[in-house]
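Below, read A as the first sequence line, B as the second, and so on, with proteins coming before strands; counting in each chain starts at 1.
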There are 2 protein chains.
Amino acid sequence: MAEVTLKDVARASGCSVATVSRVLAGTRPVGAETARTVREAAERLGYRPNHVARALRRRATGTVGLVLPQITNPFFPALVRELEHALHAAGRAVLLADCDDDPATEAARIAEFLDRQVDALLLIPVDERRSREAVADAARRVPVVLLDRGCGPGVADSVAVDNAAGMQLVLDHLAAAGRRRPWFVGAAGTTTTAAERRAAYEAGAAALDPEAPGRVELGDFSVAWGRAAVDRIWPSRPDAVVCANDLIAVGALQRLRQLGADVPGEVAVTGFDDVPLAGLADPALTTVRQPVTELAAEAARLLAERSAGGVPSDGAGPSRAIRLAPQLLVRASG
Amino acid sequence: MAEVTLKDVARASGCSVATVSRVLAGTRPVGAETARTVREAAERLGYRPNHVARALRRRATGTVGLVLPQITNPFFPALVRELEHALHAAGRAVLLADCDDDPATEAARIAEFLDRQVDALLLIPVDERRSREAVADAARRVPVVLLDRGCGPGVADSVAVDNAAGMQLVLDHLAAAGRRRPWFVGAAGTTTTAAERRAAYEAGAAALDPEAPGRVELGDFSVAWGRAAVDRIWPSRPDAVVCANDLIAVGALQRLRQLGADVPGEVAVTGFDDVPLAGLADPALTTVRQPVTELAAEAARLLAERSAGGVPSDGAGPSRAIRLAPQLLVRASG
DNA sequence: ATGAAAGCGCTAACAG
DNA sequence: CTGTTAGCGCTTTCAT
């Protein structure tokens with residue numbers, strides 16, 4: 001398996017390595033006849049460009065680092081899939097890092113990817129505050145796009161669903177259905193998703209009932225918390241449990257059923273994200289669908305634009321925050 | 001952000017780039033005093049080795065390609081997570097590819113990773129037959145480890161759960177519970193998991209009932225198929241529905257409940273894999289847990305061993321097929 | 001133990 | 001349009 005190099009192709013096709021490079025990389029115009037000869041020789045020898053050498057010379061590896069909190073979070077696989085496809089279509093390979101929801105690990109992975117000369121970074125920050133420094137450092141070196149969650153204003157370009165709009169869709173729907181005693185079950189962490197969804201509930205729930213904005217329980221984004229939260233709020237007989245994500249909602253659904261509550265007759269339950277689990281719950285979960293494909297496409301586009309200039313995120317123009325509209329999926333749970 | 005190179009450190013520490021390289025890469029013994037000076041200078045200047053240049057020179061990138069059928073398959077995220085951790089611990093970065101369950105895409109991704117000079121490949125083949133050629137080609141170039149699914153004998157090292165043992169655990173459990181009319185609901189595709197689980201059912205089900213091995217319905221690994229399969233087998237009143245994976249089992253569970261069947265009183269339902277969804281189903285699914293962490297650790301170990309020789313998979317000794325013991329999780333569904 | 005020098009395979013000036 | 005010439009940043013002989 002002696003690797004075939006440009007030099008071999010040059011020798012076989014009787015021209016210089018420079019010409020071969022130009023033909024094969026398509027960098028500059030080349031005589032049609034020469035090009036054919038070269039391509040033939042390359043084909044015949046089974047030449048494959050060495051991306052490492054190319055990267056060293058071009059100072060661009062054609063890779064982007066994707067750093068996320070936890071791939072086992074059920075919302076992420078679909079996003080990763082779409083990102084992988086979008087980036088591959090743009091000719092870039094994806095280096096993946098899972099941070100175990102730990103900002104220190106996240107910072108280490110980001111640094112490692114930078115050492116590996118990624119052209120850009122796609123980050124889903126673990127935490128709005130504690131990720132900020134590492135993200136800002138990274139954004140000083142390469143284009144960075146934040147996904148799904150933010151990291152403070154102006155740190156880098158970001159793409160996310162419009163959480164406030166999504167929560168408003170839920171509230172409008174509940175209002176139209178005549179629900180008047182909603183409770184919000186959210187997450188206490190400092191992710192932007194947790195904060196924005198909660199804030200949107202507090203801002204919009206008064207339309208159902210003046211007391212509603214105060215009815216908030218905060219835990220984490222888990223099924224277990226959903227179950228536990230129901231035990232805390234059920235005594236006050238809510239007619240709607242508005243959950244900050246689908247995992248919480250699934251837990252709430254389970255516990256409500258154990259308690260013999262009638263969903264949705266007696267109480268509605270809503271989620272957020274539309275993870276695969278949501279459609280499988282019983283009753284199927286009314287939730288807010290994130291436009292995953294579009295999120296990935298926008299992220300890829302931002303990355304391409306920043307990369308075109310070859311500048312780090314903070315080097316060219318103000319950072320852009322793109323918010324995509326969500327969609328309400330009304331299913332059986334409310 | 002002018003990048004600090006070895007040359008800069010050499011200048012700052014008053015010695016040659018060779019010495020600096022030796023100190024920082026730890027390749028060869030170096031005077032204690034010199035080493036200290038160099039390290040100090042490197043620290044002070046914020047030197048970070050350029051992995052691309054290093055890779056070109058060493059002919060090793062420190063990356064491994066992970067190619068899988070579909071990250072949205074709920075069994076994979078946990079596996080990806082463990083693999084990422086195990087490989088990172090070994091100092092290797094992970095390039096990720098999602099093939100959309102398509103062998104042609106898979107072949108293309110593998111080739112692309114090879115062009116990018118990955119040191120090794122971790123593959124979950126899309127299909128036992130149709131992936132074989134691309135896998136065999138790859139195994140001729142770099143160490144390859146197959147995960148979860150096989151690709152024909154002797155093609156490359158492989159690590160997977162012992163599917164036959166897992167199915168036997170299920171059958172033993174059902175037999176002990178007095179079940180005598182089991183049906184198997186599996187997948188028709190040509191993945192090894194589909195084939196092995198089905199074969200193990202056919203081999204072991206006679207212990208429950210001589211007719212049982214023939215009671216097999218084949219579709220695909222999906223919730224929808226689980227639902228559909230129940231409609232086909234329910235008229236013959238099985239007392240156990242043995243499913244080839246958890247998705248099928250969840251579908252079966254849903255449909256059985258719609259039909260008013262009593263699970264597990266009237267009919268038991270079992271799955272395979274123990275995806276997160278399994279514990280959340282109602283009733284919670286009795287299933288076979290795959291030892292995900294151990295699978296990842298074994299895969300990383302095989303990779304490291306093969307890589308130590310720097311040889312492709314078929315270059316050193318016979319290929320090894322490692323099978324890990326599964327564990328039965330008895331939950332409420334049977 | 002250290003330094004000088006030769007590349008890894010490729011691309012980008014710069015000439016012609 | 002094409003060839004010649006320098007390297008990219010690093011590791012590794014080969015001397016000393």
Nucleotide nearest [X] (side chain, heavy atoms from C-beta), chosen from [options]:
X: B/Ala18; options: C/dG3, D/dG9, D/dT11; result: C/dG3
X: A/Thr19; options: D/dT2, D/dA6, D/dC10; result: D/dT2
X: B/Val30; options: D/dC1, D/dC10, C/dT2; result: C/dT2

Does the side chain of B/Asp157 pick up a donor-acceptor pair with the side chain of B/Ser319 at under 3.5 Å? no

Establish, from distance only, whether the side-chain atoms of B/Ser16 and B/Thr19 form a donor-acceptor pair under 3.5 Å. yes

Expressed in angstrom and rounded to an integer, what is the separation of [X] atom [atom1] from [N] atom [atom2]?
X: B/Leu24; N: D/dT12; atom1: CG; atom2: P; answer: 14 Å
X: A/Leu56; N: D/dT11; atom1: CG; atom2: P; answer: 12 Å
X: A/Leu6; N: C/dC10; atom1: CG; atom2: P; answer: 4 Å
X: B/Asn50; N: D/dC10; atom1: CG; atom2: P; answer: 5 Å
X: A/Lys7; N: D/dT4; atom1: NZ; atom2: P; answer: 13 Å
X: B/Asp115; N: C/dC10; atom1: CG; atom2: P; answer: 11 Å
X: A/Arg57; N: D/dC10; atom1: CZ; atom2: P; answer: 15 Å
X: A/His51; N: C/dC10; atom1: NE2; atom2: P; answer: 10 Å

Within a reach of under 6.0 Å around CZ of A/Arg28, are more than 12 heavy atoms found that belong to other residues, nucleotides or ligands? no

Map A/Ala25 and A/Arg28 onto DNA chain C by nearest heavy atom, then report which one ends up closer to the 5' terminus. A/Ala25

Tell me, do B/Phe113 and B/Thr63 make a side-chain contact under 4.5 Å, heavy atoms counted? no

For a quick test of reading the model: is some side-chain N or O of [X] closer than 4.0 Å to OP1 or OP2 of [N]?
X: A/Thr27; N: C/dT11; answer: no
X: A/Thr5; N: C/dG9; answer: no
X: B/Thr34; N: C/dA1; answer: no
X: A/Arg59; N: D/dG9; answer: yes
X: A/Ser16; N: D/dT2; answer: no

Assign each of A/Val17 and B/Ser21 to its nearest nucleotide of DNA chain D by heavy atoms, then name whichever residue's nucleotide is nearer the 5' end. A/Val17

Looking only at N and O atoms, is any donor in the side chain of [X] or the base of [N] less than 3.5 Å from an acceptor on the other one?
X: B/Arg58; N: D/dG9; value: no
X: A/Arg54; N: C/dG9; value: no
X: A/Arg22; N: D/dG3; value: yes

Check ion pair A/Glu84-B/Arg109 (N to O, under 4.0 angstrom): yes

May I ask you to decide whether B/Arg59 forms a salt bridge with A/Glu3, counting only side-chain N to carboxylate O separations under 4.0 Å? no

